[in-house]
Every structure is written in structure tokens, then in C-alpha cells.
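Residue numbers run from 1 in the order of the sequence given.
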Amino acid sequence: MPTPQSVALYTLGCKLNFSETSAIGRQFEEKGFAKVPFEAGADLYVINTCSVTDHADRKCRKVVQQALKHNPDAFVAIVGCYAQLKPQEIATIPGVSAVLGASEKFQLVDILADFKKPAPGQPGAVHASPISEATEFVAAHSFGDRTRTFLKVQDGCDYSCSFCTIPLARGGSRSGSVASVVVRAEELAATGVQEIVLTGVNLGDFGLQGPERERLEDFTQLVQALDEVTGIRRFRISSCEPNLLTDGVLETVAASARFMPHFHIPLQSGSDKILGLMRRRYRRALYAGRVARIKELMPHACIGVDVIVGFPGETDADFLDTYNFLNELPISYLHVFPYSERPDTLAPTLPGRVPDRVRHERTTQLRSLSEKKKRFFYEQHLGLETEVLFEDDVTDGRMEGFTPNYIRVAVKYDPLLIGERKTLRLTAVTPQGLMEAEEIGIFV
């Protein structure tokens with residue numbers, strides 16, 4: 001095919017994937033490509049896939065089909081976690097021109113320099129080396145508007161949770177240096193970004209660097225260094241394992257004017273038995289201790305929790321343990337996932353498979369608990385005067401922003417508010433679960 005002139009990108013999965021898709025998009029733009037909307041009929045489509053979400057194969061196929069509807073002659077390249085795990089399988093999807101693994105995705109422009117499509121009926125080209133070769137850390141950040149960006153500071157994972165394919169898809173834990181992250185944050189500040197969300201696969205494991213993955217620094221040092229970057233108004237920590245969320249990190253955030261009192265801490269189960277079967281590196285007592293320490297230092301902190309229900313061996317009593325544990329904790333919201341079998345993991349071989357119907361019922365119960373927790377958390381802040389950073393997110397004449405502790409505030413649309421911080425008084429919680437507010441202050 002002629003050398004393509006336009007590229008469209010699509011992301012499945014997590015915030016880390018979004019940051020990497022943005023980085024790949026910038027590589028194309030530096031080579032002279034025009035980045036266009038998905039529906040514009042691009043010459044080249046790059047689809048960044050996920051292995052964590054359900055039905056990875058079906059979702060990948062559907063996006064490929066939609067891309068080819070917009071341009072039947074397009075060159076379609078697949079990257080991401082699913083591409084590393086199942087490259088040969090993906091290559092046989094009709095319309096896929098190339099598949100690139102974890103070590104190759106950031107070299108896509110160079111590897112596929114001629115963008116030659118396979119002959120009709122032939123599978124796409126596969127460029128996927130063994131995951132053991134994915135030892136280089138490649139920095140990335142998302143960039144959509146000037147308000148918030150997701151900054152990748154860590155990749156891969158050395159943990160071996162029995163339900164997870166991420167180590168197989170992304171390789172071992174590795175990071176940039178504290179100094180390199182600080183430089184990137186300062187560069188983002190110069191573009192007008194006001195909020196940076198630190199992202200990674202196992203963020204708290206930050207510090208393994210170089211080909212030998214030596215532990216040269218740690219996450220506490222990173223947080224302390226970024227706290228000195230004056231050009232960024234807000235930093236958030238996207239997600240951190242409870243056993244890696246140290247007092248050093250918590251005390252830095254508590255004393256900081258830049259790090260927001262908002263934590264997302266995966267739990268996965270409130271049953272010590274299930275945590276053991278999951279091969280998690282903590283038990284519920286440690287988790288409860290971390291939550292208590294956060295609330296001691298930052299009473300208004302927002303705490304989000306990841307939970308998996310229906311894991312093999314989870315009895316009604318085990319689930320009740322989880323429900324009661326979460327109900328008693330001073331947390332703010334839950335992200336609840338029904339357990340889903342993943343090939344090449346230990347969990348599907350464990351006895352005690354939980355029926356799909358039961359998984360669904362338990363998911364519904366915990367999501368209902370999440371709504372109650374969130375509303376209670378919001379109601380505790382009624383009457384509070386706080387700063388809201390507004391985003392370019394407008395629906396039905398209303399725009400939204402977030403307080404430092406991640407309360408979502410909705411007000412009447414005003415174009416002057418986009419990307420601005422304003423002090424408001426929180427007044428009411430809507431039936432939709434948003435906070436309403438009234439003006440009391442000036443722009444800050």
C-alpha cells in the first residue's frame with residue numbers, strides 16, 4: 001500500500017494503556033503522520049489491547065471490524081497486553097496486518113516502516129519477542145486536555161498473584177529514575193497541565209532500574225521529589241498495593257499541598273483464606289491498618305478499593321467476611337469485579353468454582369455497598385468550602401470537576417471554568433451521585 005499519511009488510535013483497558021497509546025501517537029506525529037479521529041477513515045489504525053478486561057478476543061475483533069468499516073484498505077496494527085499473550089491468534093483475525101509485543105510496541109513506526117499489508121487470506125505479521133526480553137522502561141504520558149495527564153512511572157510486576165496475567169503480558173517490574181520523572185513532570189507543567197496522576201502496573205514497587213533491574217530508589221523518594229515540583233498544582237497516586245503504601249508515602253502526602261488526599265488501594269478479598277489462595281502479599285489486618293493510618297493522618301481522605309468476588313473456593317461465609325470487612329472500613333467507594341478465568345494462571349485449576357450466577361449476585365451486592373459508601377462519604381462533606389478543579393467534561397449543560405479528595409462536583413456550564421480551580425461550598429448530593437456546590441470564592 002502507499003505510505004500511510006494518517007493514523008487513528010484506540011485503547012482498551014487501563015489508564016496505563018491510555019498513557020502508552022498517547023506516547024505511540026506522538027511518535028507517529030513526529031514522523032509526519034496526521035492523528036485523526038477513529039471514524040475518519042485513517043490509513044493506519046493502532047489498537048492497544050488489554051488482557052484484564054473480559055472477552056479480550058471479542059473486543060479486539062470488534063474494534064478491528066469497526067476500523068475496516070471506516071477504511072477497508074487500512075493497515076491495522078495490534079499492540080498491548082493481549083498482543084503479547086496471544087500474538088499468533090490475533091494475527092489470524094481478518095483485517096489484522098501486524099501484531100507487536102511488549103518489547104516492540106514502542107518501535108512500531110520503525111518496525112513497520114513500509115506498512116506492507118499481508119496477502120489476502122494470510123495472517124498478519126507477528127513481532128513479539130519472549131516477555132523475558134521486556135526489560136527496558138519506556139516513559140509515557142496521556143495528553144488530551146490541559147487539566148490532567150496520566151504519567152507512567154513504572155511498568156511490569158514481580159508479584160505472582162494466582163489470577164493475574166500481567167507479569168506474562170508486561171514482564172518484570174522496572175522504572176525510570178526519580179530524576180527523569182521529575183524532569184518529565186516539569187515538562188508537563190510547562191505545557192499547562194495542572195494535575196498529574198502517577199500510574200504503573202505495581203506503582204509502589206517503583207525503583208528497579210537498568211537492564212539488571214537493580215533497586216536504586218523507592219516510591220517514597222519519588223513522592224518526596226515530586227512534591228517539590230512547583231509547576232504542578234495537583235498530584236494523585238493512581239493505585240498502590242497496601243503492603244507498599246509506606247508511612248513515608250502517607251506522611252509526605254499528609255503534609256503536602258500538591259499530593260491529593262486520595263488513595264486507591266487494591267484489597268481483592270476481605271477473607272484471609274481467599275487472599276492466601278490469590279497469593280496476595282498481605283492479609284486483612286495489614287489492610288485495615290493502612291486504612292486506619294490514612295484516616296489518622298488525613299480524616300477527609302478518599303479511599304477507593306478493588307475487590308474480586310467469586311474467586312475459586314470463595315464460600316458464602318468467605319464472601320460475608322469480605323462484605324462485613326468492607327462495610328466496617330471507613331472507605332469511600334469500591335471497584336468490584338466478578339472473577340474471570342485467565343489462561344496460563346493458577347486460579348482456574350483451584351477447586352471450588354463459583355457459579356456465574358453467584359458471582360453476579362455477589363458483584364451486585366458489593367456495588368450496592370459501594371453506592372452507600374460513596375453517598376455517606378459525600379454527605380460527610382456537605383457545607384465544606386473546598387477547591388474544585390474543573391475539566392472539559394460537559395453533559396446536558398452541566399460541567400464537572402473534582403475536589404482534592406476526589407468528590408465529583410457538577411455545576412452549570414461556564415466556559416471560563418474549564419481548567420480552572422475555584423473555591424466552592426458543597427451543598428447537596430444529587431440522585432445521580434454527584435455533588436452540587438455554590439460559589440463563595442474567586443479563582444485561585
Polar side-chain atom of [X] near backbone of [Y] as donor-acceptor pair, under 3.5 Å:
{"X": "Thr427", "Y": "Glu436", "answer": "yes"}
{"X": "Tyr287", "Y": "Gly270", "answer": "no"}
{"X": "Gln27", "Y": "Phe106", "answer": "yes"}

Checklist entry - Relative to the ring of Phe33, is the ring of Phe115 parallel (under 30°), tilted (30 to 60°) or perpendicular (over 60°)? => result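 Rings of Phe115 and Phe33: perpendicular, as their planes differ by over 60°.
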
Checklist entry - In terms of ring plane angle, is the pair Tyr333 and Tyr406 parallel, tilted or perpendicular, where the classes change at 30° and 60°? => result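 Answer is tilted, since the angle falls between 30° and 60°.
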
How about [X] and [Y]: does a side-chain donor come under 3.5 Å of a side-chain acceptor?
{"X": "Arg342", "Y": "Ser340", "result": "yes"}
{"X": "Gln154", "Y": "Ser173", "result": "yes"}
{"X": "Ser129", "Y": "Glu104", "result": "yes"}
{"X": "Thr165", "Y": "Ser51", "result": "yes"}
{"X": "Glu89", "Y": "Tyr82", "result": "yes"}

Contact between [X] and [Y] at the side-chain level, heavy atoms closer than 4.5 Å - yes or no?
{"X": "Leu389", "Y": "Arg234", "value": "yes"}
{"X": "His264", "Y": "Ile237", "value": "no"}
{"X": "Ile93", "Y": "Ile78", "value": "no"}
{"X": "Asp218", "Y": "Thr246", "value": "no"}
{"X": "Leu16", "Y": "Arg170", "value": "yes"}
{"X": "Tyr339", "Y": "Phe163", "value": "yes"}
{"X": "Met435", "Y": "Val429", "value": "yes"}
{"X": "Val182", "Y": "Leu226", "value": "yes"}

Answer yes or no: does atom [atom1] of [X] have more than 12 heavy-atom neighbours from other residues, nucleotides or ligands under 6.0 Å?
{"X": "His381", "atom1": "NE2", "result": "yes"}
{"X": "Glu136", "atom1": "CD", "result": "no"}
{"X": "Arg26", "atom1": "CZ", "result": "yes"}
{"X": "Tyr282", "atom1": "OH", "result": "yes"}

Checklist entry - Are Asp43 and Ser6 close enough, and set up right, to give a side chain to side chain contact (heavy atoms under 4.5 Å, CB included), and what steps lead you there? => result CA-CA 5 Å; Asp43 300 320; Ser6 61; 3.3 Å; yes

I need the [X] [atom1] to [Y] [atom2] distance, nearest 0.5 Å.
{"X": "Thr135", "Y": "Asp155", "atom1": "OG1", "atom2": "CG", "answer": "11.0 Å"}
{"X": "Thr322", "Y": "Gln268", "atom1": "OG1", "atom2": "CD", "answer": "10.5 Å"}
{"X": "Ile418", "Y": "Phe390", "atom1": "CD1", "atom2": "CZ", "answer": "10.5 Å"}

Checklist entry - After noting the C-alpha distance and the side-chain angles of Leu426 and Tyr378, does the key distance pass the side chain to side chain contact (heavy atoms under 4.5 Å, CB included) rule? => result CA-CA 9 Å; Leu426 307 181; Tyr378 277 28; over 6 Å; no

Between [X] and [Y], does any side-chain N to carboxylate O distance fall below 4.0 Å?
{"X": "Glu251", "Y": "Arg293", "answer": "yes"}
{"X": "Asp247", "Y": "Arg290", "answer": "yes"}
{"X": "Arg258", "Y": "Glu228", "answer": "no"}

Next on the checklist: Can you give me the closest heavy-atom contact between Ser175 and Phe206, atom names plus distance?
Outcome noted: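 Ser175 and Phe206 have their closest heavy atoms at OG-CA, 3.5 Å.
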
Next on the checklist: Quick check with a 6.0 Å cut-off and a 45 degree axis cone: is Arg281 positioned over the face of Tyr159's six-membered ring?
Outcome noted: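 Geometry flag: set, cation within 6.0 Å and 45°.
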
Item to check | Verdict with reasoning, Ile407 to Phe377, per side chain to side chain contact (heavy atoms under 4.5 Å, CB included) | outcome: CA-CA 9 Å; Ile407 292 174; Phe377 178 68; 3.8 Å; yes

Next on the checklist: Among Glu439, Glu438, Glu385, Glu387, which residue satisfies the salt bridge (Lys or Arg N to Asp or Glu O under 4.0 Å) criterion with Lys422?
Outcome noted: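 Single salt bridge (Lys or Arg N to Asp or Glu O under 4.0 Å) partner of Lys422 among Glu439, Glu438, Glu385, Glu387: Glu439.
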
